[in-house]
Amino acid sequence: MTDEVLVERHDGWRKLTLNRPAKLNAINIPMLDQLLATLDAAEADTACRALVLTGAGRGFCAGQELGADVTPGPNGPPDLQALADRHHHEVVRRIRASRLPFICSVNGVAAGAGASFALAGDIVLAGRSATFVQAFIRIGLVPDSGASFFLTHLVGDARARGLALLGDAIDAETAERWGMIWKAVDDLALEAETAAMAVRLAKAPAEALAAIKVMFAGAAENSLHAQLDLEARLQGDAGRSADFAEGVRAFQEKRAPRFGG
Ligand code: T3D
């Protein structure tokens, strides 16, 4: 395995760094396979309770590498449907299906599928100099890796269409103002703010965090009645958890809770 995705293990959380800085961390099939493997490994580690995805160097991820994977060969044009389905979209499925709270720490440009990976996160922090670019249209492609879904839900139909049709870059402060990301922070503060967020989530009640992810996945599609049923079921589960018992005990004893996960 190469080192195109770096893994840092911290107490209770892991940081995954896309590591092809000379190409602004543009992704290709081997790198995506490695990313999928690192996601699976984190998921399987019961001591891991939060994940961070970021990029090495001055970019977060410039999307699909415009190289061999997408270049026509002797058999004709590349099969982008298969590429998306088996690789890019699998990353998004894993992030969204994960029990782990997923922080995207956007340290520079996030373009094409790179922007989609960023928006797949549960919490997106971005350095003020970071930009988000729906680069697909610039090369004759259409949004993928969940871009049309995330943008429509996050910023609404009018802005989503404008971003996809025009391919203009927006900066982190605009992204925050439009509700696309959680927060824009000073570039120099991004790493520390990201780590603080990861530590905070790693200490939070893990089962409840996982249930909240399930709940919000449902909220994107459900009617109010279906969502009320889902909330009731998940609250029932939470009510039976040791973390809930500890939360109530800590409140009554006027101390900070110690959640076991
Ligand atoms: O099947 C499928 O699903 C296919 C998947 C499609 C999903 C996609 O992601 S499609 C979109 C692919 N991405 C792009 O089209 C973005 C291409 N890159 C850019 O437009 C610009 O690089 C950026 C706007 C991202 C940043 O611009 P800038 O001026 O800050 O940097 P730069 O100078 O253009 O790039 C720096 C280097 O990175 C440069 O290399 P060099 O000349 O210094 O050797 C550049 O070629 C390289 N680079 C950037 N993006 C890519 C890339 N190399 C290969 N692939 C890239 N995507």
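Remember, it's 1-based here, ligands and their atoms both numbered in the order they're listed.
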Write out all pairs satisfying salt bridge (charged side-chain N to carboxylate O under 4.0 Å, His left out) with one or both partners inside residues 217-229, taking only residues at least two apart or from two chains.
-> none
Need the list: ligand 1 N/O atoms against protein N/O atoms, distance under 3.5 Å, rounded to one decimal.
residue  : atom   : partner : partner atom : Å
ligand 1 : 1 (O)  : Leu80   : O            : 2.7
ligand 1 : 1 (O)  : Ala84   : N            : 3.4
ligand 1 : 3 (O)  : Asp144  : OD2          : 2.4
ligand 1 : 9 (O)  : Gln64   : N            : 2.9
ligand 1 : 9 (O)  : Ala113  : N            : 2.8
ligand 1 : 13 (N) : Ala62   : O            : 2.9
ligand 1 : 30 (O) : Arg58   : NH1          : 3.0
ligand 1 : 30 (O) : Arg58   : NH2          : 3.4
ligand 1 : 31 (O) : Arg58   : NH2          : 3.1
ligand 1 : 38 (O) : Ala22   : O            : 3.4
ligand 1 : 55 (N) : Leu66   : N            : 2.9
ligand 1 : 57 (N) : Ala62   : O            : 3.2
ligand 1 : 57 (N) : Gln64   : O            : 2.9

Sorted by first residue and then second, give each ring-ring contact (aromatic ring centres under 6.0 Å, His included) pair with at least one member in residues 118-150; sequence neighbours left out.
-> Phe149-His153
Just checking, any donor-acceptor pair under 3.5 angstrom between side chains of His225 and Gln227?
-> no
Taking ILVMFWY side chains as joined if any heavy atoms are under 4.5 angstrom apart, and letting links pass through other members, which residues group with Leu224?
-> Leu228
Check: Thr131/Asp171 side-chain N/O donor and acceptor closer than 3.5 Å = no
Between Glu207 and Ser241: side-chain donor-acceptor atoms closer than 3.5 Å | no
